[in-house]
Amino acid sequence: MSGASETRAPKPGPLNGFEETVKDFWGSRPRRPHGGRKVAGVAAAIGNRYGLDPVVVRVALVVATIFGGFGVTFYLLGWLFLPGESDDVSGFEGLIGRGRSSVSPAFAVVLSILTVVSVGGSFSGSWFDGGGLISFALLGIALYLLHRSRGHENRPAPVTPRSQYTAFTGNGAFTMTDTATAEAKSPASPRGWDPLAADPAGWDLPDAPSYQDPPPPAPPKAFKAPEPRHRSKVGSATFGLAVVTAGAGVLANLNGVPWFSAQHIIGLVLGVVGIGLVTGAFVRGGRGLIGLAVPLAIAGMILTTVPFQNFDFRGGAGDLNETPRVATDVKPLYQHAAGDIDLDLTKLPVGSPITTNVVNGAGNSTITVPDTADVTFDCRTGAGTAECFNRSTDGISQDSLTGTDYGTDGVGGQKITLHVSNTVGDVEVRRG
């Protein structure tokens, strides 16, 4: 062993630093495959590149779309910046003349416009406050961590450029022989020499090859039972955390915290499920969360379409029928989470002014007042029909009906003040 110092090459290791990871990701971007795609192949490209089930990627994008709207933007960005498996460059790079892409320049312009519009829609506001920013951060962090941990796997092979054809160097005339590559003829044999005049016994011929038996067929491979699938604890842990999150949100709503509405509670649960799906992608588990994410996403979409801004879980469920006969029996608040409310105030004697509130989450609310009562009313419903005496509205997110009705005898009857609010359902205030 010599005393000279040895120079060792550095061992290949994981990516170091954020900048190096981003550069390596760009250089080895997922390629959108021709097969297995649903639309543009973005989810299939990410799944194939990092060893994930494309269904998990698609569900994550749907959750991100419902959770804050950024799932559509992420998909459009992938369509624009991820090249196809047979392309030299992506659609955007092809638009600026960097190489060949199957995405036409006109369609690349359309994708760019749609991406800008979707970015504005994601961050301008959503049913979950800040959902666009949260989904953007979650998707970006998940993609970064995936490349950090699995970027060395399934690296796409470089696309071979089209072969260049060499120029023809001949003279252009048609001949029966190749003038460019024809070999010179051998010199003529001496006249009078006959190669067959020799004795055939003196010919030096090669020996005939010896016959060999064909190799025996390979024995069939022994049957190997499939290994039992490893059950990950990510799904169970995420489901438990989602239940706890939903329960905490409902309890906060019952205690009067206004922020914990139905939209925000479902948004929080969707966020927990989304984090579980991303975590399961790393440890190869948690696929059962898809069955939880899909109905939650549908519920979130319904909440986005129908105005449930003031949905309240307090009050229980079922029909509520009340007929107070004295002023002290009138409650300051009649509240129900789901069911019909029927409040009859016609049995009240004339006396001191009465004020009450009727709040219903999902169901119809009907209030009947005496014919001669002076009623000051404020009626609204998020989705449905509101009829208060001779005024009415119908539809979604209509303005409140407010005013005063003095009854058949004019001013001077029992004074009643009503505040009626429904999230979904019909509201009716009538005389009887």
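All residue numbers in this chain count up from 1 along the given sequence. Because only heavy atoms are used, hydrogens play no part in the values below, and waters and symmetry mates are left out as well, while side chains stay in.
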In sequence, state the C-alpha distance, the side-chain angles, and the governing distance for Leu333 and Val359, and then conclude on side-chain contact (heavy atoms from CB on, under 4.5 Å). CA-CA 8 Å; Leu333 175 64; Val359 179; 3.8 Å; yes

Do the side chains of [Y] and [X] get nearer than 4.5 Å, heavy atoms only?
| X | Y | value |
| --- | --- | --- |
| Val420 | Ile367 | yes |
| Glu85 | Arg32 | no |
| Val330 | Leu348 | yes |
| Glu153 | Tyr50 | no |
| Leu80 | Tyr75 | no |
| Val42 | Ile46 | yes |
| Thr356 | Leu418 | yes |
| Ser421 | Val358 | no |

Which side-chain N or O atoms in residues 407-416 pair as donor and acceptor under 3.5 Å with protein atoms at least two apart or in another chain?
from: Gln414; atom 1: OE1; to: Gly351; atom 2: N; distance (Å): 2.5
from: Gln414; atom 1: NE2; to: Ser352; atom 2: O; distance (Å): 2.7

Only counting residues at least two apart or in another chain, list the ones meeting salt bridge (charged side-chain N to carboxylate O under 4.0 Å, His left out) with [X].
| X | answer |
| --- | --- |
| Arg58 | none |
| Asp405 | Arg431 |
| Glu93 | Arg29 |

Listing request: all salt bridge (charged side-chain N to carboxylate O under 4.0 Å, His left out) pairs with a residue in residues 331-354, at least two apart in sequence or in separate chains.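 Every salt bridge (charged side-chain N to carboxylate O under 4.0 Å, His left out) pair that includes a residue of residues 331-354, provided the two are not neighbours, is Glu322-Lys331.
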
Of all the heavy-atom pairs spanning [X] and [Y], show the shortest one and how long it is.
| X | Y | result |
| --- | --- | --- |
| Pro30 | Ala45 | CB-O, 3.5 Å |
| Glu387 | Ser392 | CG-CB, 3.8 Å |
| Gly94 | Val89 | N-CG2, 3.7 Å |
| Gly91 | Ala108 | O-CB, 3.8 Å |
| Phe74 | Leu61 | CD2-CD2, 3.3 Å |
| Thr393 | Asp399 | CG2-O, 4.1 Å |

When the side chains of residues 237-250 are checked against the rest of the protein, which donor-acceptor pairs come out under 3.5 Å, sequence neighbours left out?
from: Thr238; atom 1: OG1; to: Val234; atom 2: O; distance (Å): 2.7
from: Thr245; atom 1: OG1; to: Leu241; atom 2: O; distance (Å): 2.8

When rounded to the nearest 0.5 angstrom, what distance separates [atom1] in [X] from [atom2] in [Y]?
| X | Y | atom1 | atom2 | value |
| --- | --- | --- | --- | --- |
| Thr385 | Gln398 | OG1 | CD | 9.5 Å |
| Leu82 | Ser90 | CG | OG | 8.0 Å |
| Tyr144 | Phe25 | OH | CZ | 12.5 Å |
| Arg430 | Thr366 | CZ | OG1 | 5.5 Å |
| Asn422 | Asp426 | CG | CG | 8.0 Å |
| Thr368 | Leu345 | OG1 | CG | 8.0 Å |

With side-chain contact (heavy atoms from CB on, under 4.5 Å) as the test, would you mind laying out the steps for Ser365 and Glu428 before giving the verdict? CA-CA 6 Å; Ser365 298; Glu428 182 182 6; over 6 Å; no

Can you find a side-chain donor-acceptor pair between Thr402 and Asp378 that sits under 3.5 Å?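 No, Asp378 and Thr402 have no side-chain donor paired with an acceptor closer than 3.5 Å.
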
Partner of Asp24 under salt bridge (charged side-chain N to carboxylate O under 4.0 Å, His left out), picked from Arg155, Arg148, Arg150, is Arg155

Answer yes if the ring centres of Trp79 and Phe107 are under 6.0 angstrom apart, and no otherwise. yes

With a 6.0 Å cut-off on the ring centroids, do Phe377 and Phe389 count as close? yes

Run the side-chain contact (heavy atoms from CB on, under 4.5 Å) test on Val110 and Leu114 for me, step by step, so that the C-alpha distance in whole Å, both residues' side-chain angles and the decisive distance to 0.1 Å come before the verdict. CA-CA 6 Å; Val110 174; Leu114 292 177; 4.1 Å; yes

Could you tell me whether the side chain of Arg49 and the main chain of Ala44 form a donor-acceptor pair under 3.5 Å? no

